[in-house]
There are 2 protein chains.
Amino acid sequence: MRTNNLSKGVCPVRSVLDGIGGKWSILILDILGEKGTMRFGEINKVLGDISQKMLTSTLRLLEADGIVSRKMYAEIPPRVEYELTELGRDLLPNIRNLIAWGHKNIEVIQRNRESFKKNI
Amino acid sequence: MRTNNLSKGVCPVRSVLDGIGGKWSILILDILGEKGTMRFGEINKVLGDISQKMLTSTLRLLEADGIVSRKMYAEIPPRVEYELTELGRDLLPNIRNLIAWGHKNIEVIQRNRESFKKNI
DNA sequence: CAGTATCCGGATGGATACTG
DNA sequence: CAGTATCCATCCGGATACTG
């Protein structure tokens, strides 16, 4: 399926993974998968320490890939709702597995990091 | 399990995901999982367009987490071999699933990106 | 061979102010 | 409310040169 050359031109999967490999994408997908539909401010609040700028650009990226949908309501004040598309819901289990793995192994990894620091 | 607050202090899983969320980590884990044991130069060659610097630092990061092991042989010229640890092999299926998902949906995503660009 | 050291440009990401 | 625009510091990552 894959050749033994992973350079960018030969392995286009990299461009896909780059999209969801961003600093915030996984978190956003996870929380959207859990809540179903969320407003901009709601996501912003749940994530806690993301800036408006990063949230906007990450949502745009996911929207461009067709992983997240964006619905704007012509109201005052404006309301914008985000949710996973079918593609996004298909991706979700993979994300969830990764997060679950992280949870399961977080103590081990933190110990590994500690002992690695000492053996320098 | 998880609260509704994903900020860094509250959700330590983020630090774990940050490690494997690097630009090259997924690729390296995948290829190591396939080949079993690889030398530095071999990985460098397969990845094609990674710099020595990035390969070194990514390998160090994965090593610190205990996901990759590093064995150095006192020879001239030196030989260093990398392979997945048990923890790394446990992580591998998740990585593989993500890559498989990327392969499966790459055409759709590329089309989505195209049409998104036009509708601006 | 498998790195380390250094330099450097560009991308990333935060803070702030402003707008429909 | 949900952004956009701008400025700015930091980090990322490539190129190059050097070393055990």
Side-chain angles (χ1 to χ4, degrees), chain A residues 6-9 11 14-15 17-28 31-32 35 37-64 68-83 116-117 119-120, chain B residues 6-9 11 14-15 17-28 31-32 35 37-64 68-83 116-117 119-120:
Chain A
L6 296 179
S7 57
K8 209 140 199 171
C11 182
R14 277 177 47 179
S15 75
L17 296 179
D18 280 356
I20 60 173
K23 190 178 174 185
W24 299 100
S25 303
I26 288 185
L27 268 346
I28 292 177
I31 196 69
L32 273 181
K35 302 269 188 180
T37 298
M38 296 180 79
R39 300 180 59 166
F40 183 90
E42 204 180 343
I43 305 176
N44 196 16
K45 191 178 165 192
V46 171
L47 259 42
D49 56 351
I50 191 175
S51 66
Q52 246 185 353
K53 180 182 171 183
M54 287 312 300
L55 181 52
T56 300
S57 66
T58 305
L59 284 171
R60 285 291 177 286
L61 213 64
L62 295 171
E63 192 194 353
V68 159
S69 74
R70 176 177 187 273
K71 266 175 218 152
M72 215 175 128
Y73 298 88
E75 304 172 354
I76 305 284
R79 179 164 55 103
V80 180
E81 290 184 344
Y82 294 91
E83 60 180 42
F116 185 77
K117 270 197 293 186
N119 297 346
I120 287 181
Chain B
L6 296 179
S7 57
K8 208 139 200 173
C11 181
R14 276 177 47 179
S15 75
L17 296 179
D18 280 357
I20 60 173
K23 189 179 175 185
W24 300 99
S25 303
I26 287 185
L27 267 349
I28 292 177
I31 196 69
L32 272 181
K35 302 268 189 180
T37 298
M38 295 179 80
R39 299 181 60 166
F40 183 90
E42 205 180 342
I43 305 176
N44 196 16
K45 191 178 164 191
V46 171
L47 259 42
D49 57 349
I50 191 175
S51 66
Q52 248 185 353
K53 180 181 171 182
M54 287 313 299
L55 180 52
T56 302
S57 66
T58 306
L59 285 170
R60 286 290 177 286
L61 212 65
L62 295 170
E63 192 194 353
V68 159
S69 73
R70 177 177 187 272
K71 266 176 218 152
M72 215 176 128
Y73 297 88
E75 304 173 354
I76 305 285
R79 178 163 57 102
V80 180
E81 290 184 345
Y82 294 91
E83 59 181 43
F116 185 77
K117 269 196 294 186
N119 298 346
I120 286 181

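Naming: A, B, ... by sequence-line order, numbering from 1 per chain. Excluded from the calculations below are hydrogen atoms, water molecules and symmetry mates; all remaining heavy atoms, backbone and side chain alike, are included.
Applying the side chain to side chain contact (heavy atoms under 4.5 Å, CB included) criterion to B:Ser51, with sequence neighbours excluded, gives B:Lys53, B:Met54. Partners of A:Glu83 according to the side chain to side chain contact (heavy atoms under 4.5 Å, CB included) rule, which considers only residues two or more places apart in sequence or in another chain, are A:Thr37, A:Ser69, A:Lys71. Not counting sequence neighbours, the partners of B:Leu17 by the side chain to side chain contact (heavy atoms under 4.5 Å, CB included) test are A:Ile26, A:Leu98, A:Ile99, B:Val13, B:Ile20. Under the side chain to side chain contact (heavy atoms under 4.5 Å, CB included) criterion, B:Leu55 pairs with B:Ile28, B:Phe40, B:Ile43, B:Asn44, B:Ile50, B:Leu59, not counting sequence neighbours. B:Arg39 is linked by a salt bridge (Lys or Arg N to Asp or Glu O under 4.0 Å) to nothing, counting only residues two or more places apart in sequence or in another chain. Residues passing the side-chain hydrogen bond (donor to acceptor under 3.5 Å, both in side chains) test with A:Arg60, sequence neighbours excluded: none. When the side-chain hydrogen bond (donor to acceptor under 3.5 Å, both in side chains) test is applied to A:Arg70, the partners found at least two apart in sequence or on another chain are A:Tyr82. Annotation: salt bridge (Lys or Arg N to Asp or Glu O under 4.0 Å) contacts of B:Glu42 (sequence neighbours excluded): none.
Of all the residues in residues 52-60 of chain A, A:Gln52, A:Lys53, A:Thr56, A:Arg60 reach under 4.0 Å from DNA chain D with at least one non-hydrogen atom.
Across the interface with DNA chain D, nearest-nucleotide mapping of A:Glu42 and B:Ser51 shows A:Glu42 to be the residue nearer the 5′ end. Where A:Arg79 and B:Pro78 meet DNA chain D, the nucleotide closest to each residue was compared, and A:Arg79 sits on the side nearer the 5' end.
Of all nucleotides in DNA chain C, those with any atom nearer than 4.0 Å to a heavy atom of chain A start and finish, going 5' to 3', at C:dG13 to C:dG20.
Across all strands shown, A:Tyr73 has no heavy atoms under 4.0 Å from either base or sugar-phosphate atoms.
In secondary-structure terms, DNA chain C builds stems of at least 3 consecutive Watson-Crick or G-U pairs, each pair having both distances under 3.5 Å, at C:1-20 with D:1-20.
In terms of heavy atoms, B:Leu47 sits closest to A:Arg14 at O-NH1, 4.2 Å.
Between B:Leu32 atom CG and B:Leu27 atom CG the span is 11.0 Å, to the nearest 0.5 Å.
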